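Lettering of chains follows the sequences in order, A, B, ..., and the numbering in each one begins at 1. Remember, it's a predicted structure, so these values are computed and weren't measured experimentally.
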Number of protein chains: 2
Amino acid sequence: MDRAVTISQVAALAGVSTGTASKALNGRGALRPETRLRVQQAAEQLGFVANAAARSLQTGRTYTVGMITTDSIGRFSIPLLIGAEDALGAGQMSIFLCDARDDPIREQYYLRTLLSRKVDGIIVTGRRTQARAPIGVGLPVPVVYAFISSADPADCSVVPDEADGSRRAIRHLLAVGRRRIALVTGPEHHHSASVRARAAEDTLAAEGLRPAVPTLYGEWSEAWGRQAAGILLSTGADVDAVFCGSDQIARGLAEALTKAGREIPRDVALVGFDNWDVMVEGCQPPLTSIDMDLEGIGRTAAEQLLAAINGTPAHGQHARPCRLVPRASTAV
Amino acid sequence: MDRAVTISQVAALAGVSTGTASKALNGRGALRPETRLRVQQAAEQLGFVANAAARSLQTGRTYTVGMITTDSIGRFSIPLLIGAEDALGAGQMSIFLCDARDDPIREQYYLRTLLSRKVDGIIVTGRRTQARAPIGVGLPVPVVYAFISSADPADCSVVPDEADGSRRAIRHLLAVGRRRIALVTGPEHHHSASVRARAAEDTLAAEGLRPAVPTLYGEWSEAWGRQAAGILLSTGADVDAVFCGSDQIARGLAEALTKAGREIPRDVALVGFDNWDVMVEGCQPPLTSIDMDLEGIGRTAAEQLLAAINGTPAHGQHARPCRLVPRASTAV
DNA sequence: AACGCTTAGGAAATCGATTGCCTAAACGCT
DNA sequence: AGCGTTTAGGCAATCGATTTCCTAAGCGTT
């Protein structure tokens with residue numbers, strides 16, 4: 001545990017004033033190249049690292065951003081975080097991660113903390129059931145919502161275009177020759193579930209088709225997928241494909257259908273949603289799925305935040321397209 | 001975007017000096033209760049939040065810690081992070097999350113950044129095949145390794161006692177009457193795989209038993225689990241239980257065994273490792289598993305870090321016991 | 001030689017909060 | 001009434017780096 005090195009020590013070693021040392025290290029001012037070099041070597045020798053607090057006190061910038069996950073840090077937050085880090089890391093910014101755990105009190109507490117730390121901006125994220133209330137109004141720093149969206153249209157939100165994902169899934173199933181397509185998804189009150197289902201239905205309708213059976217709403221679990229398989233089988237409906245609201249549902253369905261003697265994809269083709277590695281690869285056969293490109297969303301959100309920090313804020317909701325990743329569960 | 005409120009504005013509004021305002025807000029000095037209240041109300045009214053940079057410049061403490069994940073932020077990092085946040089949040093500290101992505105250059109870069117931000121301490125985490133080299137020597141702040149351990153025994157590491165987990169798994173299988181137990185796990189060169197396997201073998205040996213077949217090493221995947229099932233069946237060995245090195249392996253095994261007509265747990269009991277919710281619950285039947293209590297490890301690591309920050313550092317490797325979570329796959 | 005101009009680098013203010021020291025007022029005591 | 005003691009709160013230094021302004025030295029020119 002050494003003692004921290006300050007710029008005055010560097011200046012002293014190089015035989016200059018602290019002001020000159022600062023200029024030398026930051027490439028400012030008019031200095032002889034030789035002096036500059038001398039200071040840099042002194043800094044190197046002492047292992048000098050500038051105190052960020054002192055610097056930000058002077059400059060007003062901290063080069064930090066806060067990331068508040070409103071519900072718990074989960075599977076979805078990781079790629080978002082990685083994407084954001086990518087975009088920010090290049091600009092040398094650090095991220096404060098705050099897990100509000102779906103508690104408004106915690107959320108406001110974290111917001112306060114971030115403001116006291118004078119972050120340059122804030123990214124708000126979380127799994128969405130629907131648009132959320134803005135985290136604050138008249139905040140002294142820009143805020144960008146990622147994955148989740150703000151109810152205030154003046155706020156900047158970056159979200160996946162889930163309807164686009166659904167359309168891709170349905171078009172893909174149609175392209176591989178399926179026509180009797182069923183939809184199995186999560187809770188009806190969940191924004192993602194209803195948006196995805198509706199877009200799928202609309203895409204079918206555009207082809208003059210309807211779901212093979214009325215859309216089945218349930219939960220986001222494998223258990224529900226298995227249960228839904230039973231329901232589908234029991235109706236006797238002649239289904240040749242199922243578009244699922246999540247990979248977990250798809251996987252449960254795959255398991256139960258296989259057990260009941262249906263062969264995937266020959267008898268029934270399957271498409272999931274999320275493209276969650278362990279699920280799509282663990283599924284038998286491997287699962288075709290829709291990828292929301294969460295990393296891209298994280299990256300875009302961070303870029304929007306940087307733009308806002310630099311004075312050119314974007315507004316409104318930015319929907320990013322999804323991507324279909326074909327695998328054996330829909331192979332022709 | 002309001003302008004930030006400083007303590008001088010609060011002081012002015014309350015009609016006192018900045019020094020007095022500071023004392024009033026921090027409960028220091030000798031002030032009339034009435035004055036204190038007046039300042040507090042002024043602060044409230046203006047929405048004053050102290051500038052953390054200015055404060056830390058003066059006090060030397062930043063109330064922030066850095067968390068560096070050496071390999072990518074993954075499934076294991078989340079509970080660790082949550083645990084750490086728990087322990088630190090209570091003490092009002094914030095966490096800088098840095099993802100080094102298994103790149104030593106990035107790692108050193110992040111270390112530098114954290115030091116410039118004068119974090120009070122650093123938690124290093126990551127999944128590793130074995131103990132890692134210390135992240136730095138003679139650092140000006142305390143460091144605690146979580147989940148992963150440092151090769152330097154003088155460093156403080158908090159890790160799961162994986163051997164303990166294995167013993168619990170084997171004892172549980174013995175307790176439910178199994179004797180012909182097979183072991184299927186990850187790559188032999190992977191520290192966790194070998195430690196878990198060896199502890200399991202030793203526990204069996206202590207009962208005068210040996211694994212039903214030589215330990216099968218492979219990868220940490222469901223695919224390997226399925227493949228291993230095939231191997232077990234083909235040897236014709238009369239196995240009545242399998243202890244797997246991960247939940248994914250166990251799940252693959254469960255699927256393949258069921259398909260081959262074996263009933264779980266009647267014919268073969270299964271124990272996994274990690275207690276990963278989606279795996280243990282998705283498995284049919286639900287999987288008995290070993291929980292390493294990652295949240296507890298994160299919490300303990302943070303507590304150790306706080307202790308070190310407060311001047312009483314711990315040294316050496318602290319192994320924390322695991323927990324067996326019984327489910328249907330080993331039900332009697 | 002005297003003047004003006006450029007260049008290199010120093011001195012000091014500044015950012016915002018904390019804190020040690022000091023002083024004026026109020027109080028109690030003889 | 002006078003003196004010592006307590007109390008309340010102000011003043012100013014401080015943390016470390018940046019930045020503006022300023023000055024001294026060095027140069028060329030006539």
Taking the nucleotide of DNA chain C with the closest heavy atom to each, which residue, A:Leu31 or A:Gly19, is nearer the 5' end?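 Upstream on the strand: A:Leu31.
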Are side-chain heavy atoms of [X] and [Y] found at a separation under 4.5 Å?
X        : Y        : result
A:Phe96  : A:Thr113 : no
A:Arg132 : A:Val124 : yes
A:Val49  : A:Val5   : no

Polar pairs (N or O, both sides) under 3.5 Å between protein and nucleotides 13-15 of chain C?
{"from": "C:dT14", "atom 1": "O2", "to": "A:Gln58", "atom 2": "OE1", "distance (Å)": "2.9"}

Quiz item: Can you tell me if the side-chain N/O atoms of B:Arg55 get under 4.0 Å from OP1 or OP2 in C:dT18?
Solution: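 So the side chain of B:Arg55 is within the cut-off, an N or O lying under 4.0 Å from OP1 or OP2 of C:dT18.
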[X] [atom1] to [N] [atom2]: how many Å, rounded?
X       : N      : atom1 : atom2 : answer
B:Arg61 : C:dT19 : CZ    : P     : 13 Å
A:Ile7  : C:dA12 : CD1   : P     : 18 Å
B:Leu46 : C:dG16 : CG    : P     : 14 Å
A:Arg36 : C:dG9  : CZ    : C1'   : 11 Å

In degrees, rounded to 10°, what is the bend between the two ends of the helix from C:dA1-D:dT30 to C:dT30-D:dA1, using five pairs at each?
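Taking the rotation axis at each end, their angle is 60°.
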I need the A:Ile148 CD1 to A:Ile123 CD1 distance, nearest 0.5 Å.
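Atom-to-atom, A:Ile148:CD1 and A:Ile123:CD1 are 13.5 Å apart.
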Let me confirm one number: the OG1-CZ distance from B:Thr69 to B:Phe76, rounded to the nearest 0.5 Å.
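Reported value, rounded in 0.5 Å steps: 13.5 Å.
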Side-chain H-bond candidate by donor/acceptor type, A:Thr59 with A:Ser56, under 3.5 Å: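 Distance-only check fails for A:Thr59 and A:Ser56.
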Exercise for the section: Indicate whether any N or O donor in one side chain lies under 3.5 Å from an N or O acceptor in the other, for A:Arg117 and B:Ser94. Expected result: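 A donor-acceptor contact under 3.5 Å links the two side chains.
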Between [X] and [Y] (salt bridge meaning N to carboxylate O under 4.0 Å), is one present in this structure?
X        : Y        : value
B:Asp71  : B:Arg127 : no
B:Arg101 : A:Asp86  : yes
B:Asp293 : B:Arg320 : yes

Selected nucleotide, minimal atom distance to B:Ser17 side chain, candidates D:dC11, C:dT19, D:dA17:
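In terms of side-chain proximity for B:Ser17, the closest of D:dC11, C:dT19, D:dA17 is D:dC11.
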| request: Please list, by residue number, the residues of residues 21-30 of chain B whose heavy atoms come closer than 4.0 Å to an atom of DNA chain C; answer none if no residue qualifies. | output: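 Listed by number, they are B:Ser22, B:Lys23, B:Asn26, B:Arg28.
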State whether B:Tyr63 and B:Arg61 meet the cation-pi test: NZ (Lys) or CZ (Arg) under 6.0 Å from the six-membered ring centroid, and within 45° of the perpendicular axis.
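Yes; both conditions hold, so B:Arg61 lies above the ring face of B:Tyr63.
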- Task: Answer with base, sugar-phosphate or nothing: what part of the nucleic acid does A:Ser56 contact at a heavy-atom distance below 4.0 Å?
- Result: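 Answer is nothing: A:Ser56 stays at 4.0 Å or more from every strand.
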